[in-house]
Each structure stands twice: as C-alpha cells, then as structure tokens.
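This is a predicted model, so every value here is computed, not measured.
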Amino acid sequence: MRLIHLSDLHLGKRVNGFSMLEDQRYILKEILRIIDEERPDAVLISGDVYDKAVPSAEAVLVLDEFLCRLAQRKLPVLMISGNHDSAERVAFGGRLMERSGVYVSPVYDGAVQPVALHDAWGEVRIYLLPFLKPAHVRRCFPDETIESYTDALRVAIEQMEIDAGARNLLLTHQFVTGAARCESEELSVGGADHVDASVFDGFDYVALGHLHGPQSVGGEHIRYCGSPLKYSFSEAKQQKSVTLIELAEKGQVQVRTVPLVPRHDLREIRGTYLAVTEKSFYDGTATDDYLHITLTDEEDVPNAIGKLRAIYPNLMKLDYDNTRTRGAVQLEEAAPVEELSPLDLFAQFYRQQNNQPMTQAQTDFVRDLIETIWEEDAP
C-alpha cells in the first residue's frame with residue numbers, strides 16, 4: 001500500500017503581512033500532480049489544515065477544492081484537526097463526507113475507531129487522533145492518572161486496544177520529544193506539550209503533524225512530513241516535500257520524500273545596498289521571491305525598503321548588520337523558553353521587576369494558580 005503524508009497546510013496564513021493563499025493554491029496543485037504521478041492508495045493529512053480556528057471563507061474554499069479533486073480521483077483521504085484548527089469545524093459534515101471517501105477525525109470523545117483499507121497483504125488499520133491536551137483525555141477517563149501530554153496520549157492509545165499483529169497507522173498532531181522546532185510554530189513554556197515517542201510503539205507508521213521541518217524522531221517510522229511551504233525565515237534552508245510511505249507485509253515500511261517547488265521561494269540575502277541592487281547580483285534569480293534582506297552598510301540607506309521593493313517586490317523583512325547593530329547592548333542570555341517551566345519563567349520575571357526573589361508563600365500561590373489555569377480547556 002502506498003500512502004501520501006501531508007500536514008500543516010495552514011490555509012489562510014499570512015507571513016510578515018503577506019497573504020500566502022495564492023501560493024497555497026499553487027502548491028496544492030503541485031501536490032495533486034505528484035499524486036497523479038505516484039498513484040497512492042490514500043492521502044493522510046495530519047492537522048493544522050487551517051491557520052486559524054475560525055478560517056476565512058477563502059481558506060475554506062481552497063480546502064474544499066482540494067478535497068473535491070481528491071474525491072474525484074476516487075482516492076481515500078484521512079484528515080485530523082491540529083492545534084490551529086477548531087476540531088468542531090473540521091469535523092462538521094464528516095459523516096456525510098465519508099460517502100466520498102473523505103474521513104475526518106470527530107471531536108475526541110474517548111472512542112477512536114480505525115478506518116480499514118486493504119491491499120494484497122490484507123487490512124491496514126488507520127487511527128485518526130486529533131490534537132489533544134491532557135484535559136481532553138481526562139474528561140473522558142476521569143479515573144486515569146493524566147498529568148502530562150505523554151500520559152494523555154498513552155491513555156488515549158491504550159483505549160484503542162491496538163492489535164499488535166495487524167498493520168496499524170496513526171495520524172496525530174503533537175510535539176514529540178527530541179524533534180526540532182521552527183519559529184513559525186507555537187511554543188509551549190517548559191516543554192509541557194512534549195510527548196515521549198515510546199507511546200507510539202504499537203504502530204507501523206505514525207503520520208505526525210505540528211512541526212514544519214520534515215524529520216523523523218524516535219525512529220524512521222515516526223515522522224513529521226513538514227509543511228508544504230516555508231512559513232518563516234527559520235525555514236529558509238529547508239527542502240519542503242511530501243512524504244511517501246510504502247507498506248508491504250507487517251513490519252515492512254519504506255519512507256521516501258518527493259520535493260516540492262513553490263511558486264515563490266522564501267530566501268535570505270545579505271550585502272551592501274549597492275551590491276544587492278547591482279544587476280549582476282540579482283540577474284538570473286527570482287526577484288519576486290519572498291525575501292529577508294540584511295544590509296551591511298555602516299550608514300542607514302534612506303527609504304531603503306521602498307527602493308529595494310522596486311527590484312524585489314516581495315521583500316518581507318529588512319535589517320542591518322554593521323558595527324552599530326553588533327555593538328548594541330545585549331541582554332544577558334537566558335535559557336530557551338521551552339526549557340523553563342511556567343513557574344520558573346514567572347519567578348524570573350518577578351525577580352527582574354522587584355530585584356528580589358518571591359517568598360515561599362508567593363511561590364506556592366503562583367504554582368497553584370498556574371496548575372488551575374493549565375487544566376482549563378482551550379476556548
């Protein structure tokens with residue numbers, strides 16, 4: 001069985017004020033072209049279909065067109081909601097769409113029934129598990145001990161009663177410990193959203209969504225396919241792709257990627273103003289790419305961004321790297337935010353504001369308050 005793994009479409013997203021909708025339409029057509037060439041048996045979409053919980057009408061139309069074209073190809077589509085999506089909105093009409101071969105994860109209620117596909121080796125069971133927080137799972141299983149995201153995923157998967165002898169696939173949208181993040185992804189303080197890869201031991205392939213860089217974590221079969229487009233300059237050097245999974249008999253899984261070429265690349269360039277405006281510098285390159293330009297001139301160039309956009313119309317970001325900027329006062333480097341707990345972050349803030357640490361009574365109060373807020377469901 002051959003499967004195409006996609007995720008993090010983020011339809012409707014804006015990057016540095018630029019709408020990516022036309023670029024998204026283009027890349028979805030490229031994905032359809034790859035599908036026609038590779039002829040997969042199904043398409044997996046692992047969450048963050050939209051960029052917002054309440055997507056624009058234009059973003060909804062783009063997804064509708066994509067799903068309709070897949071359905072016209074008689075190609076099963078299996079899709080879950082991510083942390084950027086509204087699970088209720090993505091699930092709307094799901095039972096009707098099944099008649100067209102489009103299977104959408106319902107709002108999580110503790111019961112996850114697999115979608116069964118078949119090939120020459122028999123049945124493949126595909127489980128659709130939308131983005132979950134501990135509170136979502138605790139609400140369904142109040143007698144279970146669920147204190148972390150790993151606990152939540154462990155309990156949710158245990159309740160599926162996976163048959164270890166069958167071929168099992170999972171679509172889920174979480175941050176697996178050890179994976180590399182990008183700037184365009186939402187960060188959680190203290191790494192509180194981390195999930196240990198060991199919870200996925202019963203699956204032949206785990207189609208992950210959430211992180212935009214293509215990568216495997218905890219094993220080749222546990223994989224983020226990445227976003228189809230670059231959504232921040234931290235992704236500028238990434239090669240975007242779709243992931244192709246080939247399943248044979250139980251335990252035989254091969255993974256490869258097919259590169260994606262965007263309508264406009266997202267790149268970073270640097271040099272003096274005179275250098276980057278020389279025809280020899282940009283001649284033969286795509287001047288309509290989305291750009292971050294770093295000027296190395298010692299003096300600021302008046303109206304530089306306006307002048308540069310005459311050559312590079314999609315200039316998104318402009319800054320300087322020179323003696324003045326390098327000599328700017330640097331704040332004391334702190335530990336990365338994802339390595340600090342919420343309590344540590346608040347204590348650090350309190351110390352900076354008051355020139356003294358919190359008392360034990362204050363620490364206990366803040367800890368209790370954070371735990372109460374953390375348990376609340378997202379709106």
Side-chain angles (χ1 to χ4, degrees), residues 7-8 44-49 53 78-91 104-115 125-162 164 168-179 181 185-203 205-211 217-219 221-224 337-343 367-379:
S7 76
D8 295 88
L44 316 177
I45 305 178
S46 299
D48 278 359
V49 179
L78 299 97
M79 183 171 74
I80 64 171
S81 54
N83 60 301
H84 277 254
D85 300 311
S86 161
E88 292 79 5
R89 286 186 172 86
V90 171
V104 181
S105 61
V107 177
Y108 184 72
D109 62 1
V112 180
Q113 298 299 321
V115 177
R125 300 174 184 177
I126 305 180
Y127 294 81
L128 307 182
L129 191 64
F131 172 71
L132 293 180
K133 292 184 176 182
H136 299 152
V137 185
R138 191 181 299 113
R139 183 169 58 243
C140 299
F141 305 104
D143 295 333
E144 296 282 353
T145 301
I146 301 172
E147 299 178 349
S148 66
Y149 276 71
T150 295
D151 290 341
L153 268 290
R154 174 184 52 78
V155 170
I157 290 170
E158 285 176 353
Q159 298 300 321
M160 296 177 190
E161 298 182 348
I162 304 297
N168 302 298
L169 270 70
L170 176 69
L171 275 69
T172 191
H173 191 94
Q174 306 288 161
F175 176 65
V176 179
T177 304
R181 293 186 184 267
E185 301 147 3
E186 291 186 356
L187 296 178
S188 174
V189 292
D193 59 349
H194 290 200
V195 174
D196 193 275
S198 63
V199 301
F200 304 125
D201 285 348
F203 294 97
Y205 184 81
V206 181
L208 291 167
H210 192 36
L211 301 187
V217 55
H221 68 294
I222 304 175
R223 183 168 178 79
Y224 292 99
V337 65
E338 60 267 28
E339 295 180 8
L340 297 175
S341 70
L343 181 61
R367 180 185 292 108
D368 291 342
L369 184 60
I370 288 172
E371 290 176 354
T372 300
I373 294 172
W374 194 257
E375 295 306 318
E376 294 179 354
D377 290 343

> Would you say the side chains of Asn83 and His210 form a donor-acceptor pair under 3.5 Å?
Replying inline: yes

>> Looking at every non-hydrogen atom in both residues, tell me the closest pair between Ile146 and Arg138 and how far apart they are.
In response: O-NH2, 2.5 Å

> From Arg139 CZ over to Tyr108 OH, what is the distance, rounded to the nearest 0.5 angstrom?
Replying inline: 10.0 Å

> Should Tyr127 and Leu169 count as side-chain neighbours, where that means a heavy-atom distance under 4.5 Å?
Replying inline: no

> Of the non-hydrogen atoms in Ala156 and Val137, which two are nearest, and what is the gap between them?
Replying inline: N-CG1, 4.3 Å

>> Using side chain to side chain contact (heavy atoms under 4.5 Å, CB included), reason through Ile80 and Ile45 one step at a time and then give a plain yes or no.
In response: CA-CA 7 Å; Ile80 64 171; Ile45 305 178; over 6 Å; no

> Taking C-beta and beyond as the side chain, do Asp8 and Val49 meet within less than 4.5 Å on heavy atoms?
Replying inline: no

> Is the ring centre of His194 less than 6.0 Å from the ring centre of Phe175?
Replying inline: yes

> How long is the span from the CG atom in Asn168 to the CD1 atom in Ile126, to the nearest 0.5 Å?
Replying inline: 10.0 Å

> For Pro106, what residues pass the side chain to side chain contact (heavy atoms under 4.5 Å, CB included) criterion, not counting sequence neighbours?
Replying inline: none

> Is there side-chain contact between Ile370 and Pro342, with at least one heavy-atom pair below 4.5 Å?
Replying inline: yes

>> Restricting to non-hydrogen atoms, name the atom on Val112 and the atom on Leu128 that form the minimum distance, rounded to 0.1 Å.
In response: CG1-O, 3.5 Å

>> Going by the rule side-chain hydrogen bond (donor to acceptor under 3.5 Å, both in side chains), which residues pair with Ser198 if we only count those two or more places apart in sequence or in a different chain?
In response: Asp196

>> If the condition is ring pair (Phe, Tyr, Trp, His ring centres under 6.0 Å), which residues does Phe200 pass it with, not counting sequence neighbours?
In response: none

>> Looking at every non-hydrogen atom in both residues, tell me the closest pair between Val107 and Ala91 and how far apart they are.
In response: N-CB, 4.2 Å

> Measuring from Glu158:CD to Leu153:CG, what's the distance to the nearest 0.5 Å?
Replying inline: 11.0 Å

>> Among residues at least two apart in sequence or on other chains, which ones pass salt bridge (Lys or Arg N to Asp or Glu O under 4.0 Å) with Glu88?
In response: none

>> When you compare the side chain of Tyr149 with that of Leu132, does any pair of heavy atoms fall below 4.5 Å?
In response: no

> Got a sec, which residues hit side chain to side chain contact (heavy atoms under 4.5 Å, CB included) with Gln159, two or more places apart in sequence or on another chain?
Replying inline: Phe141, Glu144, Val155

>> Suppose we screen for side-chain hydrogen bond (donor to acceptor under 3.5 Å, both in side chains). Which residues come up paired with Tyr224, at least two apart in sequence or across chains?
In response: none

> Quick one: side-chain hydrogen bond (donor to acceptor under 3.5 Å, both in side chains) partners of Asp151, sequence neighbours excluded?
Replying inline: Ser148

>> Run Leu170 and Met160 through side chain to side chain contact (heavy atoms under 4.5 Å, CB included) and show every step you take.
In response: CA-CA 11 Å; Leu170 176 69; Met160 296 177 190; 4.2 Å; yes

> Among all residues two or more places apart in sequence or in another chain, which pass the side-chain hydrogen bond (donor to acceptor under 3.5 Å, both in side chains) test with Asp201?
Replying inline: none

>> Just to verify, what does Ser81 make a side chain to side chain contact (heavy atoms under 4.5 Å, CB included) with, not counting sequence neighbours?
In response: Asp85, Ala87, Val90, Ser105, Pro130

>> Please enumerate all residues that pass salt bridge (Lys or Arg N to Asp or Glu O under 4.0 Å) together with Arg89, with sequence neighbours excluded.
In response: none

> Are Leu208 and Ser46 side-chain neighbours, meaning at least one heavy-atom pair lies under 4.5 Å?
Replying inline: no

> How long is the span from the CG atom in Leu343 to the CZ atom in Arg367, to the nearest 0.5 Å?
Replying inline: 5.5 Å

> If you take all heavy atoms of Gly82 and Phe131, which pair is closest and at what distance?
Replying inline: C-CB, 3.7 Å

> Between Thr177 and Val195, is any pair of side-chain heavy atoms under 4.5 Å apart?
Replying inline: no

